[in-house]
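Notes for the one structure printed next.
Note that ligands are numbered from 1 as they come in the structure, with each ligand's atoms numbered from 1 the same way. Source: prediction; values computed, not measured.
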Amino acid sequence: MYIAMVSAECAPIAKAGGLGDVVHGLSRELLALGQEVEVFLPGYDSLRHDLIEGRREVYRNLRVPYFDQWIDCRVDSGEVDGVTCFFIEPDSPHRFFKRGRIYGESDDADRFAFFCRAVLEFMLISGRRPDVIHCHDWQTALVPVLLFELYQRLGLTDVRVCYSLHNVGYQGVVGESILRQVGLDPARLMTADRLQDPADPRAVNLMKGGIVFSNFVNTVSPRYAWEIQNTEQGMGLQDVLKTHDGKFGGVLNGIDDAVWNPATDRHIPEPFDADRLEGKEANRRALRAYLGLVQAEKPIVAVVSRLDYQKGVYLLRFGIAHACALDCQLALLGAALDPVVAEQFRRLQEDTEGHPDCRLVLAYDEELSHLIYAGADMILIPSIYEPCGLTQMIAMKYGVVPIARRVGGLADTVFDANYSDRPFEERNGYLFDDLTESALASAMERAIDLWRNHPEYFRQLQINGMRVDRSWGRPARQYLDIYSHIRVH
Ligand SMILES: Nc1ncnc2c1ncn2[C@@H]1O[C@H](COP(=O)(O)OP(=O)(O)O[C@H]2O[C@H](CO)[C@@H](O)[C@H](O)[C@H]2O)[C@@H](O)[C@H]1O
């Protein structure tokens with residue numbers, strides 16, 4: 001089967017968060033299963049060019065309609081970890097993808113709408129006829145709309161679309177001129193059953209369009225699938241998801257075990273696995289040394305997160321203080337896009353400067369994240385909502401016990417040491433429900449108490465988490481079933 005991934009991110013060359021990991025890991029696994037996969041990305045100037053092999057121009061002067069004019073694009077291709085990627089580079093004064101970063105620009109909707117049209121135009125002109133286009137999140141939601149409104153008639157006749165929702169907190173709600181920009185007719189599409197935003201009838205909701213026009217829609221865990229249909233986590237899309245219930249489901253993400261494997265990880269000083277858990281000790285020492293923490297027999301509590309509202313930044317700040325109050329060590333690695341949140345954490349960093357047990361690294365640092373996972377004992381994940389969450393899955397692979405809020409994919413993967421109805425061999429962490437300091441504090445205290453007073457049980461929790469198969473094998477086969485179900489031939 002020929003699958004075209006269309007996405008705003010793909011790790012490691014263009015990653016802002018978990019979406020990049022998923023596109024990369026899933027594409028590689030589909031290739032390993034014998035499928036043909038190509039990834040289509042904007043040609044950002046911020047791409048990690050050093051990680052792209054054999055980059056070359058494959059198309060010049062691709063004329064992409066833009067309002068009543070057009071913009072010429074160049075298309076390059078190259079290999080990333082064995083996966084063929086295409087990069088769309090418009091040549092225009094807008095400099096759509098020459099902004100030094102992936103997101104956070106005031107014209108993000110225009111930039112990604114243009115990308116959607118350009119990808120379909122390139123497929124049409126270069127003779128590509130995927131069995132399935134798999135697109136992701138609001139940035140690529142116009143692909144199915146454009147396909148079924150325009151490109152099917154032009155020649156992309158038998159192409160079907162699978163659309164994955166990684167984060168319903170960002171839906172792409174914008175003015176209707178976006179439709180005219182890409183050549184769609186607002187009069188046809190601005191209706192309650194198509195792209196009209198449920199809250200604001202004058203606005204376009206791109207994610208809603210993706211849901212309505214795709215052949216299959218999924219999100220990244222079964223629990224989040226239920227939450228966005230039945231609770232306020234749907235952020236206004238509950239009804240449209242219920243209307244389209246017959247083509248909607250949840251597929252739990254995997255993690256790439258070539259990248260996230262403590263037995264083979266080149267970024268950590270001492271390899272280890274569930275049978276050699278002692279190996280973690282050298283990594284704990286290395287982590288303390290790297291961060292300038294004292295070498296003391298205290299549990300290391302970690303945070304590795306985008307510092308975003310979704311991740312419960314308020315509770316994270318409390319958790320940092322509480323870990324220190326409970327005489328633990330604390331290692332945070334996080335980056336904030338929001339200037340207010342960035343400032344709060346910068347201040348906290350200043351206040352904890354020189355503290356023997358507490359270090360905040362406010363940056364995006366992939367390599368350091370490996371050392372933190374390898375060296376930490378526990379990780380805090382107090383998310384307000386969490387479609388799947390890769391952090392807890394990676395952490396558990398490295399013998400780190402998650403302390404997480406019982407939402408979305410966290411509830412599907414973390415099973416409480418004390419209160420789960422699962423057998424002990426499946427329990428692997430600590431959960432809390434309420435979005436309150438006391439709920440988080442009590443889960444942290446239970447975990448830290450076990451570490452101090454019952455180390456053998458704590459070790460067993462670590463091993464339980466490490467033994468679970470979290471590779472892409474199973475989810476990739478589930479996606480293949482979806483693709484087979486919707487494809488034409
Ligand atoms: N400062 C930093 N430095 C280095 N690495 C960092 C980092 N901050 C975060 N990371 C890494 O980025 C990834 C984050 O994955 P998540 O699934 O937790 O996040 P995200 O919310 O971005 O993704 C969204 O999409 C994914 C994929 O579907 C869903 O799992 C998730 O619930 C949804 O919110 C992990 O690999 C983590 O190690």
*asked:* Checking Tyr385 against Asn167: is there a side-chain donor and acceptor pair closer than 3.5 Å?
replied: yes

_Interfacing atoms of ligand 1 (cut-off 4.0 Å, heavy-atom, Asn253)_ = 27 (C), 28 (O), 30 (O)

*asked:* So does Val414 get a backbone contact from the side chain of Asn428, meaning a donor-acceptor N/O pair under 3.5 Å?
replied: no

_For Asp239, is the CG atom crowded, meaning more than 12 foreign heavy atoms sit under 6.0 Å from it?_
no

*asked:* Closer than 4.0 Å to some heavy atom of Gly17 - which atoms of ligand 1 meet that?
replied: 22 (O)

_Please check this pair: side chain of Gln349 against backbone of Arg347, looking for a donor-acceptor N/O pair closer than 3.5 Å._
no

_Arg427 (side chain) donor-acceptor with Ser420 (main chain) under 3.5 angstrom_ = yes

*Residues in side-chain hydrogen bond (donor to acceptor under 3.5 Å, both in side chains) with Ser305, at least two apart?*
none

*If you have a sec, work out which protein heavy atom is nearest atom 14 (C) of ligand 1 and how many Å separate them, to one decimal?*
Gly18 N, 3.9 Å

*Is it the side chain (CB and beyond), the backbone, both or neither of Ser305 that lies under 4.0 Å from ligand 1, heavy atoms counted?*
backbone

*Does ligand 1 have any atom sitting under 4.0 Å from a heavy atom of Gly20?*
no

*Sub-4.0 Å atoms of ligand 1 with respect to non-hydrogen atoms of Thr391*: 18 (O)

*asked:* With a 3.5 Å distance limit and no angle check, can you tell me whether Asp469 reaches the backbone of Ser471 through a side-chain donor-acceptor pair?
replied: yes

*Should you measure from each heavy atom of Gly334, which atoms of ligand 1 turn up under 4.0 Å away?*
1 (N)

*His322 and Phe318 aromatic centres sub-6.0 Å*: yes

*Nearest to atom 36 (O) of ligand 1, what protein heavy atom do you find, and at what distance?*
Asp21 OD2, 3.1 Å

*What protein heavy atom sits nearest atom 6 (C) of ligand 1, and how far away is it?*
Tyr364 CE1, 3.5 Å

*Which ligand 1 atoms are under 4.0 Å away from a heavy-atom of Gly389?*
17 (O), 29 (C), 30 (O), 31 (C), 32 (O)

*Heavy atom of the protein closest to atom 3 (N) of ligand 1 (residue, atom name, distance)*: Asp365 N, 3.1 Å

Give the table of side-chain donor-acceptor pairs shorter than 3.5 Å for residues 473-486, with sequence neighbours excluded, one pair per line with atom names and distance.
unit_1, atom_1, unit_2, atom_2, d
Tyr479, OH, Asn218, ND2, 2.9
Tyr483, OH, His134, ND1, 2.7
Ser484, OG, Leu480, O, 2.8

*For Pro387, the ligand 1 atoms whose distance to one of its heavy atoms is below 4.0 Å*: 32 (O), 33 (C), 34 (O)

_Quick check against the 3.5 Å criterion: does Glu367 have a side-chain atom that pairs as donor or acceptor with the backbone of His267?_
no

_Check: Gly399 main-chain N/O paired with Gln462 side-chain donor or acceptor under 3.5 Å_ = yes

*Short list, please: which atoms of ligand 1 are under 4.0 Å from a heavy atom of Ile394?*
36 (O)

*For atom 32 (O) of ligand 1, what's the nearest protein heavy atom and its distance?*
Glu386 OE2, 2.5 Å

*Winner among Lys311, His136, His166 once heavy atoms are compared against atom 19 (O) of ligand 1*: Lys311

*Just by modelled atom types, is the Val173 backbone N or O under 3.5 Å from a matching donor or acceptor in the Lys208 side chain?*
no

*Numbered atoms and elements of ligand 1 in range of Val22, under 4.0 angstrom, heavy atoms*: 27 (C), 28 (O)

*Give the single entry among Gln392, Arg306, Glu9, Lys15 that approaches atom 21 (O) of ligand 1 most closely by any heavy atom.*
Arg306

_Nearest non-hydrogen protein atom, atom 37 (C) of ligand 1_ = Tyr373 OH, 3.6 Å

*What is the closest protein heavy atom to atom 34 (O) of ligand 1, and at what distance does it sit?*
Gln310 NE2, 2.8 Å

_Is the contact between Ala363 and ligand 1 made by the side chain, the backbone, both, or neither, using heavy atoms and a 4.0 Å cut-off?_
backbone

*Look at atom 17 (O) of ligand 1 and say which protein heavy atom is nearest, naming residue and atom and giving the distance to 0.1 Å.*
Leu390 N, 2.8 Å

*Can you check whether Phe272's main-chain N or O pairs, donor with acceptor, with Lys280's side chain at less than 3.5 Å?*
no

